[in-house]
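What follows is a set of notes on a single structure, which appears directly below.
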Amino acid sequence: MQKRLTFFIALFIGFSSLAQVNLDSLWNVWNDNTQVDTCRLKAMHKIAIDIICSKPDSAFYFAGLMYDFAESSNNKKWMATALNIQGISLYFKSNYTQAKDYHTKGLKIKEEIGDKKGIAASLNNIGLIHKNQGDLGKAIDYYTRSLKIQEEIGNKYGIASSLNNIGIIYKKQGDYAKAIDYYIKSLKIKEEIGDKKGIANTLGNIGVIYKNQGDYPKAIDYQTRSLKINEELENKQGIAYSLNVIGNIYKKQGDFAKAMDYYTRSLKINEEIEDKRGNASSLINIGIIYYEQGNYTIALDKSTKALSIAQEIGNVQQIKEASESLWEINKKLGKHRQALEMHELYIQMRDSILSIENKTATIQQEFKYKYEKQAAADSVVAAEADKVKNAQLAVEKAQ
């Protein structure tokens, strides 16, 4: 599904403003037929990766160019790399079904060529998609398979990442003790290998658990440490996320002034880096603060913008949160028709999420039943084996 050349040209205009990439130089390498294939592919890979968050459609297109070029020389490793980028770009658009298809195609190629590190990465990406779709059973399965391969090849960075992701699943399931356990294991490895971005991420995850448990001093402690590292690294997406979570903690404590300050700072960065998911999250939270303060007109404006962005990217959870806020706001403003519309949308999104969660719970119960049944069968077999062994020993002793 490639874009037209005219569309590509339109997308390419404006990329020159991206300071982190010397696009002219990279583009010259890509167009230089005298360059070896690997150099040309690396140049296009750099272009696609550096815009994947802000311009996923463009990254998808560039990865398509990579794939076609790699396919012409049957370079399967780069074909798989291109499919991976396309899968990630679709993930950023919340197009999870198609994203999973591209990652699965890439996984198949990596399995063909025996690229274990690549296989582990694809399994991790597919697990991430299942997590966002609410299928936690499948997510933890893919993460565990990825972890096993990472341990086999001794990839500490991958091991730490998989441990962190498994911790996220346990957090979502409400098993905070296991989540913390996996986070701490991940954090130790990240500190050992000096992965500062990973350290910031895991510290933030631990902070979220303490927030959910109501331990706000510890939550702020961990989130502040995460924020500080992200600022050192100039990781704007990480900074925006940390600011938003700290805002949530202050909101929980009823300190709306501090919460608003952190939300506003988060929103500014999200707008700067064009992170639509982050935008929607910040706007929803700002709308809630204005609602709590009785400023319903501004709350309506912020929540309406949040809903529009959430619908654009197809984020069901954020559509639910924004429509719930708009339902309450419109009721306060006496806009009964609009309130009813938002209530119906909220119910629709809530039921959609519940349906996924119920399906996941059923799968988990089936898995648990099969596991316990197999464990019981194994126990019987082991007991019978012990009887036979003891009988043999008795005969040998008698002889």
Side-chain angles (χ1 to χ4, degrees), residues 1-3 41-42 44-71 74-153 155 157-166 168-169 172 198 201 237 276-277 313-316 356 359-360 363:
M1 188 176 65
Q2 303 300 326
K3 309 286 192 252
L41 287 164
K42 282 182 178 178
M44 185 54 74
H45 179 265
K46 178 67 174 170
I47 293 171
I49 284 295
D50 278 15
I51 61 169
I52 201 164
C53 294
S54 59
K55 295 179 174 62
D57 284 326
S58 307
F60 182 92
Y61 176 77
F62 291 140
L65 295 180
M66 284 174 57
Y67 182 87
D68 292 342
F69 183 68
E71 188 181 34
N74 199 34
N75 189 330
K76 291 192 173 182
K77 186 172 182 179
W78 277 99
M79 288 164 63
T81 300
L83 289 167
N84 185 60
I85 293 174
Q86 289 183 309
I88 294 170
S89 64
L90 288 164
Y91 167 82
F92 278 119
K93 286 170 61 65
S94 299
N95 192 339
Y96 300 132
T97 303
Q98 271 194 293
K100 190 161 49 180
D101 288 342
Y102 276 87
H103 282 306
T104 303
K105 288 175 187 175
L107 174 61
K108 189 176 180 182
I109 294 173
K110 290 170 184 177
E111 288 172 338
E112 285 176 18
I113 62 177
D115 178 11
K116 285 196 171 183
K117 189 174 181 181
I119 291 167
S122 290
L123 289 170
N124 182 75
N125 289 335
I126 295 170
L128 180 62
I129 291 167
H130 280 299
K131 184 207 78 172
N132 280 23
Q133 288 179 316
D135 195 338
L136 304 184
K138 281 189 178 179
I140 206 164
D141 174 52
Y142 276 93
Y143 286 152
T144 304
R145 287 163 61 189
S146 177
L147 175 61
K148 187 178 179 182
I149 295 171
Q150 303 286 15
E151 289 173 335
E152 284 175 11
I153 63 178
N155 180 10
Y157 182 90
I159 293 168
S161 178
S162 294
L163 288 169
N164 185 73
N165 289 336
I166 293 171
I168 291 171
I169 300 299
K172 281 186 169 289
N201 181 33
Q237 193 170 35
K276 291 185 178 180
R277 187 180 304 190
I313 62 177
N315 191 307
V316 175
I356 294 169
K359 184 181 176 182
T360 302
I363 292 168

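Position 1 is the first residue of the sequence; numbering continues from there.
- Among all heavy-atom pairs drawn from I129 and H103, the shortest one is CD1-CD2, 3.6 Å.
- For the atom pair CD of Q237 and CZ of R277, the computed distance is 9.0 Å after rounding to the nearest 0.5 Å.
- Atom OG1 of T81 and atom CE of M44 lie 14.0 Å apart (nearest 0.5 Å).
- No side-chain donor-acceptor contact under 3.5 Å links Q86 to the backbone of A63.
- Rounded to the nearest 0.5 Å, atoms CE (M79) and CG (L41) are 11.5 Å apart.
- Taking CG of N155 as the start and CG of L147 as the end, the distance is 11.0 Å to the nearest 0.5 Å.
- The pair K46-D50 meets the salt-bridge criterion, since a charged nitrogen lies less than 4.0 angstrom from a carboxylate oxygen.
- With sequence neighbours left out, Y142 forms a ring-ring contact (aromatic ring centres under 6.0 Å, His included) with H130.
- Minimum heavy-atom separation, N132 to Y91: ND2-OH, 3.0 Å.
- To the nearest 0.5 Å, atom CE of residue M66 and atom CG of residue L83 are 9.5 Å apart.
- In this structure, the side chain of S161 does not engage the main chain of G158 through any donor-acceptor pair within 3.5 Å.
- S94 places a side-chain N or O within donor-acceptor distance of the main-chain N or O of I313, the cut-off being under 3.5 Å.
- Aromatic ring centres of F62 and Y67: separated by at least 6.0 Å.
- Between H45 and W78 the shortest side-chain heavy-atom distance falls below 4.5 Å.
- Between I140 and the options I168, I166, D135, a side chain to side chain contact (heavy atoms under 4.5 Å, CB included) holds for only I166.
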*Would you sort out whether K138 and Q133 count as a side chain to side chain donor-acceptor pair (under 3.5 Å), showing the intermediate values?*
CA-CA 10 Å; K138 281 189 178 179; Q133 288 179 316; over 6 Å; no
*Given the rule in the side-chain contact (heavy atoms from CB on, under 4.5 Å) test, do N124 and N165 qualify, once you have shown the distances and angles that lead to the verdict?*
CA-CA 8 Å; N124 182 75; N165 289 336; 2.6 Å; yes
*Worked check of side chain to side chain donor-acceptor pair (under 3.5 Å) between Y102 and N84*: CA-CA 7 Å; Y102 276 87; N84 185 60; over 6 Å; no
*Could you walk me through whether L163 and Y143 pass the side-chain contact (heavy atoms from CB on, under 4.5 Å) test, one step at a time?*
CA-CA 8 Å; L163 288 169; Y143 286 152; over 6 Å; no
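- Taking both residues in full, the closest heavy atoms of K76 and I113 are given as CB-CG2, 3.9 Å, listed atom of the first, atom of the second, then distance.
- Scanning both residues, S162 and S146, for their nearest heavy atoms gives OG-OG, 3.5 Å.
- Listed here is the closest heavy atom pair of S89 and A59: CB-CB, 4.4 Å.
- Using a cut-off of 4.0 Å between Lys/Arg side-chain N and Asp/Glu carboxylate O, K93 and D57 are scored as salt-bridged.
- Between L123 atom CG and L128 atom CG the span is 12.5 Å, to the nearest 0.5 Å.
- Between K117 and K110, every side-chain heavy-atom pair lies at or beyond the 4.5 Å cut-off.
- Looking at K131, its side chain never comes within 3.5 Å of a backbone N or O of A139 through a donor-acceptor pair.
- Side-chain contact between L90 and D101 is absent, with no heavy atoms from C-beta onward closer than 4.5 Å.
- Shown here for P56 and C53, the closest heavy-atom pair between the two residues is CD-O, 3.8 Å.
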